[in-house]
Amino acid sequence: MDYPILSNIKSPEDIKKLNIGEINALCEEIRGCIINTVSKNGGHLASNLGAVELTVALHRAFNSPEDAIIFDVGHQCYTHKLLTGRFEEFSTIRTENGISGFLKPAESEHDKFITGHSSNSVSAAYGIYKAKKLKGEAGTAVAVIGDGAMTGGMAYEALNNAGSDKGNFIVVLNDNKMSISNNVGALSRALTKMRNKPRYHHFKFALSSFLTKIPLIGKPLNLFIFKIKEVIKSIFYRKNIFSALGFNYLGPVDGHNVKAMESLFKIAESYERPSLIHVITTKGKGYAYAENSPHSYHGVGAFDIEQGADICGKENFSTVAGETLCRLAENNSNICAITAAMAEGTGLQRFAEEYKERFFDVGIAEQHAVTFAAGLAEEGLIPFFAVYSTFLQRGFDQIIHDCAIGGFPVKFLIDRAGIVGEDGETHQGIFDVSYLTCIPNLTVYSPSTYKELEQRITEAAKTDSIVAIRYPRGCESECLTFDETADFSVIKGESKKAIITYGRLFSEASKVKKTVNDVNIIKLNKIYPLSNDLVSAVSEFSEIHFYEETEKSGGIGEHLASILAENGYSGKFIIHAVENKFVQAASVNSSLKANGLDFNSMINSINN
């Protein structure tokens, strides 16, 4: 495809030179570029298509990087990347050694903050804004937050803090689903239209300035007029939460009208108080498949543009977890399912349809989800919280304080555990083992097959303890036969060498066993706590290679090594894991190889 305008955009300054006709043409080129690239690389499609005009308007109204623009979540930042000098590299997005699918400061001076997880943009932008003011620097900061990210509690903590400021801090709410203000009638719409015009604000400021200069009566008169205006507004507008928090509320405005948004952004800059600008967009704008099914096209793999993405779904660990819960819920009315705005991603669609009263989507609010689950458990229900590993990190305190200390038997279904691939360092599920195993009375499993996953979920529903079941993204691979009901299985060989592993890596170890038949394989089912029987079984081997798809620090390998040392083990014990680093975007297979966790790496280690 040809992009005659877009290919000449080297920085945001270039789009300020374009007329409105050229701007509209640029937006169409950007959409074409995003669709074409995502169809090859996969990525976040619907959210980015909905934010094209919004991003163009932001870069016309503000001066990046002097003005910091923080996108929340970063999956709406593709247009931003195209407008900030990365058009030539855009074809590499979400590929190994390519540009990131999220904001990444190391990549560009225009990416001020990492936002791979949601609801942190207002906090980050307000911190940047205050730092600029303290240092006497020019520029402002703008947080661009979606209505989904606005369900996260951290966003409201930041709004509560920023609302009392006396400066022109700006929040842009990209709303593609809901309306915040509940407006009343035609007069309300007319007032909104008037308030969103620059002439109205210029007149208002001029009048206020004139009145306050009148001796004696000026200031009281200005205050009286202000109060009358507020009374009239209250008749036609129900006060929304943003104005209650101290923000000047502007909008709603059409999120696909660059000129209208640009004017409103300039108005907000002129205020001496924080502003929230409510922008209405259409998720998936410009691509019919994505517009008609925005949830399905939120994140997609490579697809044929004419035919659309394959969204029918194939059996994978997520769908097996969801189907197992449905089967159990049919005969047990106490079983509940909780998601943090990820019903489709965690395989809970069917549960949501068939057991509506027992399904809870709490929004992007993992902290709340964990404590809410504890509340359900306190009353005797059996809550399963299905959540991506990378997002469960945000509920760590609640797991300790609200579940473990009180002994409330919440069940955690930890999806996308281990390396996840192209979403990169913000989404890798390599930290959950380290922080979960430091919590008393919490049992952790890591199934390698669908059958084992079903077994563990079924068992968890019957226990009165806190259980975490972690499993990888995608489909199962061929594995050696093992006993799914045991805590661990030993697949015997003739040598004194052993591979110990769990989860997805058991399939890699199974390939090794078929190649090097005399090696022993110990497959962990319950990965923590470690039993005395396991320690005894492991102690028989003189050379042990422990493989795990997690951070080495705090991993199961370190736990086992410590116990063996305490018991006088004198053999060779080598841990193969992620060595204290963040895993960058690449395919899963490539990342496994890079971290010495694939079949070939295992073979080399065993033979050396």
Side-chain angles (χ1 to χ4, degrees), residues 1 3 6 26-56 58 71-84 86-87 89-95 98-104 115-118 144-149 174-177 255-256 279-314 316 318 341-346 349 364 388 416 420-424 426-427 473-474 585 587:
M1 292 182 67
Y3 307 102
L6 179 58
L26 171 64
C27 290
E28 290 308 305
E29 288 185 20
I30 291 171
R31 279 202 170 83
C33 183
I34 290 173
I35 294 169
N36 186 54
T37 303
V38 174
S39 73
K40 295 180 175 67
N41 297 4
H44 292 95
L45 185 61
S47 52
N48 279 294
L49 294 179
V52 173
E53 287 84 2
L54 168 58
T55 308
V56 170
L58 284 164
F71 290 86
D72 183 347
V73 179
H75 60 225
Q76 56 180 321
C77 73
Y78 289 12
T79 299
H80 165 78
K81 289 184 178 256
L82 286 167
L83 298 178
T84 52
R86 284 169 277 185
F87 169 74
E89 300 172 276
F90 194 70
S91 62
T92 70
I93 197 166
R94 299 181 76 252
T95 63
I99 63 173
S100 172
F102 300 94
L103 297 180
K104 192 169 184 178
T115 53
H117 292 181
S118 84
V144 185
I145 183 168
D147 55 316
N174 177 10
D175 177 3
N176 51 43
K177 183 171 63 176
H256 302 293
V279 176
I280 306 295
T281 61
T282 299
K283 198 169 185 179
K285 177 77 172 178
Y287 183 55
Y289 288 111
E291 281 195 51
N292 294 332
S293 186
H295 289 296
S296 299
Y297 280 81
H298 172 75
V300 295
F303 64 95
D304 181 274
I305 295 174
E306 296 300 323
Q307 299 296 321
D310 179 10
I311 59 174
C312 63
K314 300 175 181 177
N316 54 50
S318 303
M342 297 294 291
E344 290 84 2
T346 56
Q349 305 99 307
I364 305 177
Y388 288 8
R416 270 64 167 179
V420 298
E422 290 80 3
D423 281 338
T426 59
H427 283 60
R473 180 181 189 177
S587 69

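- Pairing each heavy atom of Ala149 with each of Asp72, the nearest pair is CB-OD1, 3.5 Å.
- Scanning for side-chain hydrogen bond (donor to acceptor under 3.5 Å, both in side chains) contacts around Asp423 gives Arg94, with sequence neighbours left out.
- Applying the side chain to side chain contact (heavy atoms under 4.5 Å, CB included) criterion to Tyr289, with sequence neighbours excluded, gives Tyr287, Tyr297.
- Using modelled atom types, one side-chain atom of Asn316 and one backbone atom of Lys314 make a donor-acceptor pair closer than 3.5 Å.
- For the residue pair Ile364 and Ser118, the shortest heavy atom distance occurs at CG2-OG, 2.8 Å.
- Between Val144 and Val279, the closest side-chain pair of non-hydrogen atoms is not below 4.5 Å.
- Residues satisfying the side-chain hydrogen bond (donor to acceptor under 3.5 Å, both in side chains) criterion with Thr346, sequence neighbours excluded, are absent altogether.
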| Evaluation steps, side chain to side chain contact (heavy atoms under 4.5 Å, CB included), between Thr115 and Val73 | CA-CA 6 Å; Thr115 53; Val73 179; 5.7 Å; no
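- Counting only distance, with no hydrogens or angles, the side chain of Arg416 and the backbone of Gly345 share a donor-acceptor pair below 3.5 Å.
- Contact record, Leu49 with Ala290: CD1-CB, 4.3 Å, taken as the closest heavy-atom pair.
- If you take CG on Asp147 and CG on Asn174, they are separated by 7.0 Å, rounding to the nearest 0.5 Å.
- Among residues two or more places apart in sequence or in another chain, the side chain to side chain contact (heavy atoms under 4.5 Å, CB included) test is passed with Glu29 by Tyr3, Pro4, Ile5, Leu6.
- Closest approach of Leu82 to Cys33, counting heavy atoms only: CD2-SG, 4.0 Å.
- Judged by distance alone, the side chain of Thr37 and the main-chain N or O of Ser91 form no donor-acceptor pair under 3.5 Å.
- The shortest distance between side-chain heavy atoms of Thr79 and Leu54 does not fall below 4.5 Å.
- Residue Phe102 holds its CZ atom at 14.0 Å from CZ of Phe71, rounded to the nearest 0.5 Å.
- The backbone N or O of Ser100 sits less than 3.5 Å from a side-chain atom of Lys81, completing a donor-acceptor pair.
- Looking at His80, its side chain never comes within 3.5 Å of a backbone N or O of Thr55 through a donor-acceptor pair.
- Here the closest heavy-atom approach between residue Glu291 and residue Gly284 is recorded as CG-O, 3.0 Å.
- To the nearest 0.5 Å, the span separating CD on Glu53 from NZ on Lys285 amounts to 7.0 Å.
- Scored by the side-chain hydrogen bond (donor to acceptor under 3.5 Å, both in side chains) test, Lys104 finds Glu425, Gln584 as partners (sequence neighbours excluded).
- Within the structure, every pair that satisfies the side-chain hydrogen bond (donor to acceptor under 3.5 Å, both in side chains) test and touches residues 39-51, not counting sequence neighbours, is listed here: Asn36-Lys40.
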| Can you list the steps and then say if Glu422 with Thr95 is a side chain to side chain contact (heavy atoms under 4.5 Å, CB included)? | CA-CA 6 Å; Glu422 290 80 3; Thr95 63; over 6 Å; no
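- Scanning both residues, Val300 and Ala309, for their nearest heavy atoms gives CG1-CB, 4.2 Å.
- Note: Tyr78 OH to Ile30 CD1 = 14.5 Å, rounded to the nearest 0.5 Å.
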